[in-house]
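One structure below.
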Amino acid sequence: MIKKLYNLKKLQTDQKVSQKLQVLNNVKSIDEEIDSLKDSLLHTSVNRYGPVSDFAVLEIHKATMKEKIYKLEIEKSKLLKIVAMLDKEIVELQKESEQFKYILNEEKKAKVKKILKEEDNKADEYVQSKMIMLTKE
């Protein structure tokens with residue numbers, strides 16, 4: 001039973017770690033998109049001799065990119081909070097699995113001690129029976 005619980009906690013830990021990696025990949029992609037938008041924002045321009053409306057369109061475009069960057073940063077902060085929460089869950093699951101592992105190790109030690117004691121008793125009985133046989137002769 002303890003072994004099943006240990007394996008369950010280990011499986012849950014692995015699932016949380018993979019979930020964390022997925023979230024971190026999402027954060028990385030958001031970072032790349034933010035960097036791309038910031039780079040695009042810095043290098044966006046209009047024709048030097050274009051009409052005034054080009055400047056208005058450029059300002060609208062820049063404002064839209066800034067707003068998208070802001071939204072992406074908000075989403076990134078939410079994902080980072082999820083990562084922090086997953087870290088806490090992973091630590092708790094690891095603690096629980098370590099507890100079950102300790103219990104399993106203690107059970108194994110107890111079984112080994114019991115087997116050794118039984119073997120010792122058998123050896124003692126064998127020696128005693130040999131001694132009895134020798135004393136009869």
| Heavy-atom side-chain proximity of E67 to K71 below 4.5 angstrom | yes
| query | Heavy atoms, side chains only, cut-off 4.5 Å: are V91 and D87 in contact? | reply | no
| Atom pair CG (D120) and CD (E125), whose distance is rounded to the nearest 0.5 Å | 10.5 Å
| query | How many angstroms lie between CD in E59 and OG1 in T64, if you round to the nearest 0.5 Å? | reply | 10.5 Å
| query | Could K95 and E92 be called an ion pair, given the rule that one side-chain N must be under 4.0 Å from one carboxylate O? | reply | yes
| Between atom CD of E107 and atom OH of Y102, what is the distance when rounded to the nearest 0.5 Å? | 11.5 Å
| said: In this structure, would L8 and Y6 fall into the same cluster of hydrophobic residues linked by side-chain contacts under 4.5 Å? | reply: no
| query | Less than 4.5 Å apart, any side-chain heavy atom of Q15 and any of L11? | reply | yes
| Rounded to the nearest 0.5 Å, how far does CG of N7 lie from NZ of K10? | 8.5 Å
| message | Counting C-beta onward and ignoring hydrogens, is there a side-chain heavy-atom pair between E89 and Q12 closer than 4.5 Å? | response | no
| Taking all non-hydrogen atoms of both residues, which atom of S40 and which atom of M65 are closest, and how far apart? | OG-SD, 3.6 Å
| Quick one: are L72 and L37 in side-chain contact, heavy atoms under 4.5 Å? | yes
| said: Salt bridge or not between K109 and E106? Use side-chain N to carboxylate O under 4.0 Å. | reply: yes
| task | Quick one: list whatever passes side-chain hydrogen bond (donor to acceptor under 3.5 Å, both in side chains) with E118, sequence neighbours left out. | result | none
| field | Value rounded to 0.5 Å, distance of CD in E75 from CG in N26 | value | 7.5 Å
| said: Are L80 and I69 linked, directly or through intermediate hydrophobic residues, by side-chain heavy-atom contacts shorter than 4.5 Å (ILVMFWY only)? | reply: yes
| remark: Scanning both residues in full, the closest heavy-atom pair of Q94 with T13 reads CG-CG2, 3.8 Å
| query | What are the two closest heavy atoms between L86 and K16, and how far apart are they? | reply | CD2-CD, 3.8 Å
| remark: For K9 and S97, the nearest pair of non-hydrogen atoms, with its separation, is CB-CB, 3.8 Å
| Closest approach of V83 to L24 (non-hydrogen atoms, all atoms of both residues) | CG2-CD2, 3.8 Å
| Are L21 and V23 co-members of a hydrophobic cluster defined by side-chain heavy atoms under 4.5 Å apart? | no
| said: For I30 versus L79, what's the shortest heavy-atom pair and its separation? | reply: CD1-CD1, 3.5 Å
| said: For E32, is there any backbone N or O sitting under 3.5 Å from a side-chain donor or acceptor partner on S36? | reply: no
